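Beneath this line is the structure, given in structure tokens, with notes to follow.
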2 protein chains.
Amino acid sequence: MSVKRKPTPATAEHAPLQLEHFLPYRLSILSNTISQAIADDYQQRYDLSVTEWRVMAVLARFEGLSAREVAERTAMDKVAVSRALARLAEAGRVSRGMHDNDKRRSVLDLTEAGWAIHDEVAPMARAREREVLARLDAEERAWLTRILDKLLS
Amino acid sequence: MSVKRKPTPATAEHAPLQLEHFLPYRLSILSNTISQAIADDYQQRYDLSVTEWRVMAVLARFEGLSAREVAERTAMDKVAVSRALARLAEAGRVSRGMHDNDKRRSVLDLTEAGWAIHDEVAPMARAREREVLARLDAEERAWLTRILDKLLS
DNA sequence: TGCAAATGGTTTCATATGAAACTATAAAGG
DNA sequence: CCTTTATAGTTTCATATGAAACCATTTGCA
């Protein structure tokens, strides 16, 4: 049994944060919990990291992106994208063409194998999202969307 | 100027995720953006990592915790806590006593120096939180609290 | 043109991280 | 008791990560 710990006395001149009511902390816990649950679904099964999956998801949505564009769309570091692409190309999940008018740029696409994995993972990810949203009622879901739109804009 | 990329045609048999509307992804972006903004405030200035700050925040709130209890309260890995504590103790920001009845357990507290840092960082963290919340109106803030309570419970 | 600055992408290096093994102590059961 | 099992915490090892340096190419402009 865990002993109840006494909080710092109210007489203290310090004003400690209450992490459990602190927005950034709560968002961090929630985000990590959800992302981890999804990752657990595919990570070992497909030998696919979270960054790799995000790259694949973007390439499923937009064909022929460059690495830089992928980084933009995923909000990931360009180094992370470069490494994810190296692994994905190595595994034959992504093809890297060369841009016609700019030899620096790559032209990225999912391969057949990439699409096959995408088509299995995407529904799992969506299912997890639904599980989370199912804990809210319709009104709460609408507010959540609106609030996230505002904070992310 | 960035070229508009064509999404995968609607005729495609695949159903790509739209990351920009995908809850886990949006939460992750929001959480990272906010946490990073706060970390930028203290990281270099106090040579303090995010994990170290979280440990300090918990010790400010609850005195005499053990390392395990800190890990529980921060939702951090025990290895991460162990390392954060090593650095904090080394820097004289946290004291590690030994538990009377259990020589395995440590008894952790902020030192004077630790409190001094806490008392500077905590207000900065709170200010950042206020900045974020200020982008919402009162009704939205209330819903956000309610939604997070529900999803985190 | 031709050269400086910018851009796409990769590599290097130093640091961060987590799982598993490990040490020390405590609790539980025969 | 004394042996097994559990717990607190640290260390090790292998991997992940990001900043900065780097290479190649392209762009801007004198």
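Every chain is numbered from 1, with letters handed out A, B, ... down the list of sequences. What you are looking at is a predicted structure, and each value in this text was computed from that prediction instead of being measured.
- Salt bridge A:Arg87/A:Asp47: present, at least one basic N to carboxylate O contact under 4.0 Å.
- Listed by chain and residue number, B:Ile29 satisfy the side chain to side chain contact (heavy atoms under 4.5 Å, CB included) test with B:Thr33 (two or more places apart in sequence, or in another chain).
- Atoms NE2 (A:His99) and C1' (C:dG9) sit 15 Å apart, rounded to a whole Å.
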So which protein nitrogen or oxygen atoms get under 3.5 Å of nucleotides 6-10 of chain D's nitrogens or oxygens?
residue	atom	partner	partner atom	Å
D:dT7	O2	B:Arg104	NH1	2.4
D:dA8	OP1	B:Arg68	NH1	2.7
D:dG9	OP1	B:Ala67	N	3.2
D:dG9	OP1	B:Ser106	N	2.7
D:dG9	OP1	B:Ser106	OG	2.7
D:dG9	OP2	B:Ala67	N	3.1
D:dG9	OP2	B:Arg68	N	2.5
D:dG9	N7	B:Lys78	NZ	3.0
D:dG9	O6	B:Lys78	NZ	3.1
D:dT10	OP1	B:Arg96	NH1	2.6
D:dT10	OP2	B:Ser82	OG	2.7
D:dT10	O5'	B:Ser82	OG	3.4

What N/O pairs connect the protein and nucleotides 14-16 of chain D at under 3.5 Å? Give each pair on its own line.
none

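- The main-chain N or O of B:Ser66 is never found under 3.5 Å from a side-chain atom of B:Ser106 such that the two would form a donor-acceptor pair.
- Here C:dG8 presents its P atom at 15 Å from CG of A:Asn101, a figure rounded to the nearest Å.
- Applying the side-chain hydrogen bond (donor to acceptor under 3.5 Å, both in side chains) definition to pairs two or more places apart or across chains, none involves residues 74-84 of chain B.
- No hydrogens or angles considered: a donor-acceptor pair under 3.5 Å links the side chains of B:Glu120 and B:Tyr46.
- Sorted by first and then second residue, the ring-ring contact (aromatic ring centres under 6.0 Å, His included) pairs with a member in residues 116-153 of chain B read A:Trp143-B:Trp143, B:Trp53-B:His118, B:Trp115-B:His118; sequence neighbours excluded.
- The interatomic distance linking A:Glu52 (CD) with D:dT17 (C1') rounds to 14 Å, in whole Å.
- Here B:Arg45 pairs with B:Met124 under the side chain to side chain contact (heavy atoms under 4.5 Å, CB included) rule; sequence neighbours left out.
- Spacing between atom CD of A:Gln36 and atom P of C:dT17 amounts to 15 Å, rounded to whole angstrom units.
- Look at CE on A:Met76: it is 12 Å from P on C:dT10, rounded to the nearest Å.
- Formation of a donor-acceptor pair under 3.5 Å by the B:Arg141 side chain with backbone atoms of B:Leu136 is found in this model.
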